[in-house]
Every structure is written in structure tokens, then in C-alpha cells.
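Start at 1 and go down the list; that is how both ligands and their atoms are numbered.
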Amino acid sequence: RPRVLSGIQPTADSFHFGNYLGAVRQYVSLQETHDAFIFVADLHAITMQHDPKLLAERTRISAAQLIAAGLDPARTTLFVQSHVLAHTQLAWVLQCLAGFGEARRMTQFKDKSAKEGEGAASVGLFTYPILQAADILLYRPQYVPVGEDQRQHLELTRDLAQRFNHRYAKTFRLPEPYILKETAKIADLADPTRKMSKSSSSPAGIIEMLDEPARSAKKVRSAVTDSDAVVAYDPETKPGVSNLLTIFAALTGRGVEEIAASFEGRGYGDLKGELAEVVVEFVTPFRDRTLELLEDRTALDAILRDGAERAAAVADTTLAQVYERVGFLSPS
Ligand code: TYM
């Protein structure tokens, strides 16, 4: 079975619809046909200011959400990034291979460091994509399911893999991004020209998977649209309505055009009202399941311990090859 790998950060109390539709849903469907490795990226979560009192619990909540979404820990190797030491170890080797210039060109770094203020961004935020490359390359996956915002990091990963293979010996597989066009960029409900984001969306713009369903319904009903009142799919001229149609289609398995046609002669109020119902029906069982999983922390922690063991068995093998090829003296 071809392998897939991906990670998600525990930077908030809940995943949002962008995370779910852009990435998590693909992890779940790919586990049917692929050997899947999915992890909670807690190392990445400290690259920006974070609250140490919340991180461990958010890591558990993230794992619970992944299981509630449908990941089966018996099939998918589900683990916490910091539990597998090889990630930071390979990251160091790759940092010594990456150029300062190519790291500086990463648009996510530019955006996030601008937000932190001149000179205040951490060096970890700068090397973030290189740690991400290490996360990926350790497992030699064929595909990495992510949203559109991660495409550039995947390109850097491939560049670093190629450089290592060329300089030392063929060690890494060049991974391909797995990005579903339809849901690659879910927009902010309050500002549909921007992506829905944990770090930059306003509360009205972001639907949180674990929020009170009634609150999410209300956000859908207050979503920003346009003044033209015709329900049609056109992301260029009607980003707000198109985003609602995208979410509607993803949650129901119907097509955007077909949904738009079913609202012919009706207005945005009807579209928002129906979508609000679809959203409530979807998040209610998801939320219940997550909360149920969080009631048994011992069981959850055991799943993550088992996942880390399985992950480390793969990652350590790759790291040992890397250390040898780089020329390190092996400890005897
Ligand atoms: P994170 O936690 O920011 O996001 C998790 C996943 O959600 C996707 N995503 C979106 N997709 C569509 N529309 C949106 N509005 C939206 N917002 C977020 C992201 O693209 C991502 O796939 N760097 C990664 C975490 C990571 C990782 C890795 C991923 C660390 N190591 C190795 C893959 C492989 C990130 O920012 O995740």
C-alpha cells in the first residue's frame, strides 16, 4: 500500500472547517487505500507564542478530533510529533542543507513574522518548514494531504530531499502534495477574500468543529455575501456565496452547480438557512464523539503511545541511514 503522511497543529481548542474540509477529511478517506501516518504537530505549535498550560490538553483534543472524524488508530498510525525524537534530529541535518535565502522566501514565514512584529519572530518560526520537511521525509510517503497554503512547504521538502539524495546517496522519496481543488482553500465567512485561519480569522469568520452547533449555525446565517442576491458559483466575483456552496457541497456530497440550481428564484437567506441545518447535523455528532473520547484520557494516551512506537520504528530506520551517510561516528 502506498504511504501518506500529514500533520496538524494543536494551536487552538478546536479544528475549524478549513482544517477539516481541506485536510482531515482526506486523511480519513486515504486510510482506506493507503498506509497512513498522521500526527499532531506540537513542535510546530511553539513556533509562535503559546500557552504552556494549554498545549498538552490541546494535543489530546486534537487527537480525539482526528479519531472522531473517522481515523482508525488500528490502521492509521496516529501519534504526537514530540514523542518521536527523530523529527527534531533530522530537522537539524536538513537545516544544515537548506539555504537562508530559500527559507526566507516562504510566504507563510513572511506573513506570520510580519504579524509578530519586526525582529520578534522566533528562529523556530523561520525554520518551521524545514522541520516540516523532516516530518515528511522520515516516513518516505508518496502523498501528503494538505490545504493549498502548504504547497510551498511541500516544494521546499522536495528540494531538500533532492539535494540530500544528490549530495550523499539516494535516501528520500520525493513526496507529492495531495490537494483537493474543491476544498483546498476554505474562506473566512466574514471576509471571504481571505482563508479561514486559526491565527488570523475573526470569531465570526471561523466555524469551529467543537463549537456549540447553534453558534456555528448563527455564523453561517450571518456570513458575508454580496448584494446581487443570485445564488451562483463564481469564486472570482462571488467569493462569499461560492464559499458557502463549497462547504454545502463538501458536507452533502452534491455538486456546487446542482446546489446553486436548486436555489434558483430564491435568495441568500434560504441558502444560508439550509446550510446552517446541514452544518448543525454534521458538527453535532462530531462534537459528541470527541467529548466522549476525551472522557477516557487513559485510553487516548495509550493510542498515542502505541502510535509513537510504530512511527518511531519507521523514523529511526531512516534517521540511522541519514546519520551514517552524513558521516557521523556511530556510538558503540
Ligand atoms: P495547520 O494545523 O495550520 O493546518 C492543518 C491542515 O489544514 C489545512 N488548512 C486549510 N485547508 C483549506 N482551507 C483552509 N482555510 C485551511 N486552513 C488550514 C492546512 O493546509 C493543513 O493541511 N504546517 C502544517 C502542519 C504540519 C504538516 C507537517 C503538514 C507540520 N508538519 C508535515 C503536513 C506534513 C500546518 O500548518 O497545519
Do NZ/NE/NH1/NH2 and the carboxylate oxygens of E155 and R105 come within less than 4.0 Å?
-> no

Using a strict 4.0 Å threshold on nitrogen-to-oxygen distance, state whether D188 and K195 make a salt bridge.
->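 Looking at K195 together with D188, the answer is no, because their closest N to O distance does not fall below 4.0 Å.
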
Would you say the side-chain atoms of Q321 and T171 include a donor-acceptor pair closer than 3.5 Å?
-> no

Is it the case that Q108 and Q150 place a side-chain donor and acceptor less than 3.5 Å from each other?
->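 There is such a pair between these side chains.
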
Near-ring test F263/Y268, centroid separation under 6.0 angstrom =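 Not close enough - the centres of the two rings lie 6.0 Å or further apart.
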
I46: which other cluster members, linking ILVMFWY side chains closer than 4.5 Å, directly or transitively?
->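 Cluster partners of I46: L55.
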
N or O contacts of ligand 1 with protein under 3.5 Å, please list pair by pair.
{"from": "ligand 1", "atom 1": "2 (O)", "to": "Q9", "atom 2": "N", "distance (Å)": "2.8"}
{"from": "ligand 1", "atom 1": "2 (O)", "to": "K198", "atom 2": "NZ", "distance (Å)": "3.3"}
{"from": "ligand 1", "atom 1": "4 (O)", "to": "N19", "atom 2": "ND2", "distance (Å)": "3.4"}
{"from": "ligand 1", "atom 1": "7 (O)", "to": "N19", "atom 2": "ND2", "distance (Å)": "3.2"}
{"from": "ligand 1", "atom 1": "11 (N)", "to": "G18", "atom 2": "O", "distance (Å)": "3.2"}
{"from": "ligand 1", "atom 1": "13 (N)", "to": "I186", "atom 2": "N", "distance (Å)": "2.9"}
{"from": "ligand 1", "atom 1": "15 (N)", "to": "I186", "atom 2": "O", "distance (Å)": "2.9"}
{"from": "ligand 1", "atom 1": "15 (N)", "to": "M196", "atom 2": "O", "distance (Å)": "2.9"}
{"from": "ligand 1", "atom 1": "20 (O)", "to": "G147", "atom 2": "N", "distance (Å)": "2.9"}
{"from": "ligand 1", "atom 1": "20 (O)", "to": "D149", "atom 2": "OD1", "distance (Å)": "2.4"}
{"from": "ligand 1", "atom 1": "22 (O)", "to": "G147", "atom 2": "N", "distance (Å)": "3.2"}
{"from": "ligand 1", "atom 1": "23 (N)", "to": "Y128", "atom 2": "OH", "distance (Å)": "2.8"}
{"from": "ligand 1", "atom 1": "23 (N)", "to": "Q132", "atom 2": "OE1", "distance (Å)": "3.0"}
{"from": "ligand 1", "atom 1": "23 (N)", "to": "Q150", "atom 2": "OE1", "distance (Å)": "3.0"}
{"from": "ligand 1", "atom 1": "31 (N)", "to": "D135", "atom 2": "OD2", "distance (Å)": "2.6"}
{"from": "ligand 1", "atom 1": "36 (O)", "to": "Q9", "atom 2": "NE2", "distance (Å)": "3.4"}
{"from": "ligand 1", "atom 1": "36 (O)", "to": "Y128", "atom 2": "OH", "distance (Å)": "3.0"}
{"from": "ligand 1", "atom 1": "36 (O)", "to": "Q150", "atom 2": "NE2", "distance (Å)": "3.2"}

